[in-house]
Amino acid sequence: MDWHRGTLVGFDLETTGTDVESDRIVTAALVRLDPDGTVGEQRTWLLDPGVVIPEQASAIHGIGTDHARKHGTRAASAVEEIAHAVAEVLRSEVPLVVMNARYDLSLLDRECRRYGLPSVEERVGGAPSPVIDPLVIDKHVDKYRKGKRALQALCDHYGVTLDGAHDATADAVAAVRVVRRMGERHRPVATLPPDELHALQIRAAAEQSASLQAYLRRTTDPAAVVESAWPLIPRSG
């Protein structure tokens, strides 16, 4: 059976910012979608990140510092639960769907390091796999399409309803539904086994980064460097 017709698990984070090295998790969701498209088991987390949540981040996901401090779980405990749950999915060989996986999985990795916890990579004995990233796949199968590639834009393009954008659960569900539509529309991708699709995305993400880097160096910043690793940015130091 093609992967897009089987069980998939969506994963999403909402955070304090966009820097994987310094920002923190505010909310997380892990949601299973069954083959018939219904939402099955789901787990959600609200964290007290231990830092002030910037207003610009709160404006996006709706979680302010006071709310997180009052209702959130201590960050170290929640990060342990999240990493354990993600590793369980990967060990089960059910594909993990993550929009812009390079960001979410790398931030989770840095949170594990921050609290002295085993990373997902350490828990599964290797790089997180199989991962399916709608952003990477869409750029691969429809390279020259104009317009944005954010989750809302992909939902619009593939005819998926996104209720409550920037809610971790809603985004996780939408990402799974988007990749299912991609599988229906792009058969060469749909027929790949998950491990081969994962390998294709490693190559595609590197090619996409190289293309963007060349464009930036040609147009705005001669010294631009665009990360090529996927789905996990290597730790520095």
Side-chain angles (χ1 to χ4, degrees), residues 1-14 18 20 29 31 33 35 37 60 94-107 127-168 170-221 224-233:
M1 181 172 62
D2 296 342
W3 60 263
H4 71 288
R5 301 184 189 280
T7 298
L8 297 170
V9 174
F11 177 60
D12 188 75
L13 301 177
E14 297 299 325
T18 59
V20 300
V31 186
L33 265 71
I60 293 171
V94 173
L96 183 72
V97 179
V98 193
M99 175 70 184
N100 193 13
R102 179 185 280 142
Y103 175 75
D104 283 36
L105 293 181
S106 298
L107 181 57
S129 177
V131 175
I132 300 177
D133 187 337
L135 178 62
V136 173
I137 294 176
D138 183 63
K139 288 180 177 180
H140 175 71
V141 299
D142 204 350
K143 183 184 300 185
Y144 300 109
R145 189 177 79 249
K146 301 293 185 181
K148 297 180 179 179
R149 307 270 184 158
L151 182 58
Q152 181 65 70
L154 294 187
C155 287
D156 292 342
H157 181 72
Y158 287 98
V160 171
T161 299
L162 174 53
D163 294 319
H166 300 295
D167 170 85
D171 285 1
V173 170
V176 173
R177 289 180 171 156
V178 164
V179 296
R180 282 204 163 128
R181 291 289 175 85
M182 288 178 176
E184 293 168 0
R185 195 174 295 186
H186 302 288
R187 293 296 298 157
V189 168
T191 55
L192 288 175
D195 60 336
E196 293 184 20
L197 178 61
H198 184 94
L200 180 148
Q201 290 172 95
I202 292 173
R203 298 190 300 272
E207 292 167 1
Q208 292 160 15
S209 295
S211 176
L212 176 58
Q213 179 174 289
Y215 172 78
L216 293 174
R217 289 185 175 186
R218 187 173 65 250
T219 58
T220 60
D221 182 1
V225 176
V226 178
E227 176 59 55
S228 62
W230 179 96
L232 195 62
I233 300 171

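Residue Leu162 holds its CG atom at 10.5 Å from CG of Leu154, rounded to the nearest 0.5 Å. Note that OG of Ser228 is 8.0 Å distant from CD of Gln213, once rounded to the nearest 0.5 Å. Expressed to the nearest 0.5 Å, how far CZ of Arg149 lies from CG of Leu135 amounts to 8.0 Å. Taking CG from Asp104 and CG from Leu232, the interatomic distance works out to 11.5 Å, rounded to the nearest 0.5 Å. Taken to the nearest 0.5 Å, the CH2 atom of Trp3 stands 9.5 Å off from the CG atom of Leu192. For the atom pair NE2 (His166) and CD (Gln152), the distance works out to 8.0 Å, reported to the nearest 0.5 Å.
In this structure, Val141 and Met182 have side chains that are not in contact, with every pair of non-hydrogen atoms separated by 4.5 Å or more. Between Val176 and Val31, the closest side-chain pair of non-hydrogen atoms is not below 4.5 Å. Side-chain contact between Val9 and Val97: absent, with no pair of heavy atoms (C-beta onward) separated by less than 4.5 Å. Looking at heavy atoms from C-beta onward, Val98 lies in side-chain contact with Leu96 at the 4.5 angstrom threshold. Counting heavy atoms from C-beta on, the side chains of Leu33 and Arg180 come closer than 4.5 Å. Side chains of Asp12 and Glu14 form a contact here, defined as non-hydrogen atoms less than 4.5 Å apart. At a threshold of 4.5 Å between non-hydrogen side-chain atoms, the residues Val136 and Gln208 count as touching. With a 4.5 Å cut-off on side-chain heavy atoms, Thr161 and Cys155 do not count as touching.
Closest approach of Thr191 to Pro188, counting heavy atoms only: OG1-O, 3.5 Å. The two residues Pro231 and Ser106 make their nearest non-hydrogen contact at O-OG, 4.2 Å. Here the closest heavy-atom approach between residue Asp2 and residue Ala190 is recorded as CB-O, 3.5 Å. Here the closest non-hydrogen pair linking Pro134 and Val178 is CB-CG1, 4.1 Å. Ala175 and Met99 make their closest contact through CB-CB, 4.4 Å (heavy atoms, listed as atom of the first residue, atom of the second, distance). Of all the heavy atoms in Ala101 and Val131, the pair that sits closest is CB-CG1, 3.9 Å.
A side chain to side chain contact (heavy atoms under 4.5 Å, CB included) with Pro95 is found for exactly one of Leu8, Asp195, Val179, namely Leu8.
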Checklist line | side-chain contact (heavy atoms from CB on, under 4.5 Å) between Ile233 and Arg102, intermediate numbers included | finding: CA-CA 6 Å; Ile233 300 171; Arg102 179 185 280 142; 3.5 Å; yes
Next item on the list: Please lay out, stage by stage, how His157 and Asp142 fare under the test side-chain contact (heavy atoms from CB on, under 4.5 Å).
Entry: CA-CA 11 Å; His157 181 72; Asp142 204 350; 3.8 Å; yes
Next item on the list: Could you please spell out the steps behind the salt bridge (charged side-chain N to carboxylate O under 4.0 Å, His left out) verdict for Asp138 and Arg145?
Entry: CA-CA 9 Å; Asp138 183 63; Arg145 189 177 79 249; 2.7 Å; yes
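Checking side-chain atoms of Arg177 against main-chain N and O of Gly37 turns up a donor-acceptor pair under 3.5 Å.
Under the 30°/60° scheme for interplanar angles, the aromatic rings of His198 and Trp230 are found to be tilted.
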